[in-house]
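Just so we're clear, the structure is a prediction, and the values are computed from it rather than from any experiment.
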Amino acid sequence: MKSFLTKAVTNIGSYALLSLLAYSAIFDNQQLIGISVAAYWVVIFLGLFMGALIMVLSVAKDHTRDEAAKQKLIELIREATKRRSKVMRGVQWVCLVSITMLLAYSGWVFTAVIYVLVGLIVKFFLSIARDNVAEQKEGAI
């Protein structure tokens with residue numbers, strides 16, 4: 001239940017921020033654009049930090065001697081890096097492109113470029129972490 005509520009609040013916040021950016025770009029409200037750009041910079045830094053943290057944890061699990069802590073790390077990494085359905089991956093790509101286009105249209109081209117780069121870097125970090133956990137699973141068999 002806790003995981004469901006966390007995901008629901010995160011998704012609602014993400015779509016609300018995208019809606020705020022779209023509204024402010026369409027009606028050319030510079031104050032709302034500034035607020036949404038500031039929020040996206042927070043998302044950029046938070047995403048980069050969390051992606052790097054998950055990747056580091058996936059590498060650190062091999063150096064943990066306590067088996068219970070190791071299994072807890074593996075489950076945490078699996079939960080963070082599990083594959084989404086094709087529909088949800090499509091929605092994520094559409095959101096990434098929409099946010100990038102709206103930021104660039106609003107005049108925040110540098111922010112749009114950094115957002116795309118960080119988004120791709122985070123996807124790369126998560127795939128590395130997913131592969132590290134998959135190797136652990138195959139090694140156990």
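- Of the options Val42, Val43, Ile12, a side chain to side chain contact (heavy atoms under 4.5 Å, CB included) to Leu17 is made by Val43 and by none of the others.
- A chain of hydrophobic side-chain contacts below 4.5 Å, direct or via other Ile, Leu, Val, Met, Phe, Trp or Tyr residues, connects Phe124 to Ile54.
- The two residues Lys61 and Ile74 have their closest heavy-atom pair at CD-CG1, 3.6 Å.
- Evaluation of the side chain to side chain donor-acceptor pair (under 3.5 Å) rule for Lys86 yields no partner, not counting sequence neighbours.
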side-chain contact (heavy atoms from CB on, under 4.5 Å) assessment of Leu18 paired with Leu102: CA-CA 9 Å; Leu18 176 58; Leu102 287 168; 4.0 Å; yes
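- The shortest side-chain heavy-atom distance between Phe45 and Val118 does not fall under the 4.5 Å cut-off.
- Distance alone, capped at 3.5 Å, is enough to place a donor-acceptor pair between the Arg84 side chain and the Lys82 backbone.
- Distance check, rounded to the nearest 0.5 Å: CZ of Phe125 to OG of Ser58 gives 10.5 Å.
- Take Gln92 and apply the side chain to side chain donor-acceptor pair (under 3.5 Å) test, not counting sequence neighbours, and it matches no residue.
- Cluster annotation: Met50 and Val56 are assigned to distinct hydrophobic clusters (Ile/Leu/Val/Met/Phe/Trp/Tyr, side-chain heavy-atom contacts under 4.5 Å, transitive).
- In the hydrophobic clustering of ILVMFWY residues, with side-chain heavy atoms under 4.5 Å counting as a link, Leu20 and Tyr105 come out apart.
- For the atom pair CD1 (Ile44) and CG (Leu48), the distance works out to 9.5 Å, reported to the nearest 0.5 Å.
- Note that OG of Ser106 is 5.5 Å distant from CG of Leu21, once rounded to the nearest 0.5 Å.
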Contacts under 3.5 angstrom, residues 26-36 side chains, donor-acceptor by atom type, not counting sequence neighbours:
| from | atom 1 | to | atom 2 | distance (Å) |
| --- | --- | --- | --- | --- |
| Asp28 | OD1 | Gln30 | NE2 | 2.9 |
| Asn29 | OD1 | Gln31 | N | 3.3 |
| Ser36 | OG | Leu32 | O | 3.2 |
| Ser36 | OG | Ile33 | O | 2.9 |

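- Rounding to the nearest 0.5 angstrom, the gap separating the OG1 atom in Thr81 from the CG atom in Leu76 is 9.0 Å.
- Arg78 and Glu75 are joined by a salt bridge, as a carboxylate oxygen and a charged side-chain nitrogen come within less than 4.0 angstrom of each other.
- Annotation for Trp93: atom CH2 does not count as buried by contact number, only 12 or fewer foreign heavy atoms lying within 6.0 Å.
- In this structure, Lys123 places its NZ atom where more than 12 heavy-atom neighbours from other residues, nucleotides or ligands lie under 6.0 Å away.
- Contact check for Tyr15 versus Val91: side-chain heavy atoms found under the 4.5 Å cut-off.
- If you take OG1 on Thr10 and CG on Leu5, they are separated by 10.5 Å, rounding to the nearest 0.5 Å.
- A single hydrophobic cluster is seen to contain both Phe49 and Leu73, as judged by linkage of ILVMFWY side chains at heavy-atom distances under 4.5 Å, directly or through other members.
- By the criterion of side-chain heavy atoms lying less than 4.5 angstrom apart, applied directly or through intervening Ile, Leu, Val, Met, Phe, Trp or Tyr residues, Phe110 is grouped together with Leu96 in one hydrophobic cluster.
- From Ile99, atom CD1 reaches atom OH of Tyr115 across 3.5 Å, with rounding to the nearest 0.5 Å.
- The main-chain N or O of Asn11 is never found under 3.5 Å from a side-chain atom of Ser14 such that the two would form a donor-acceptor pair.
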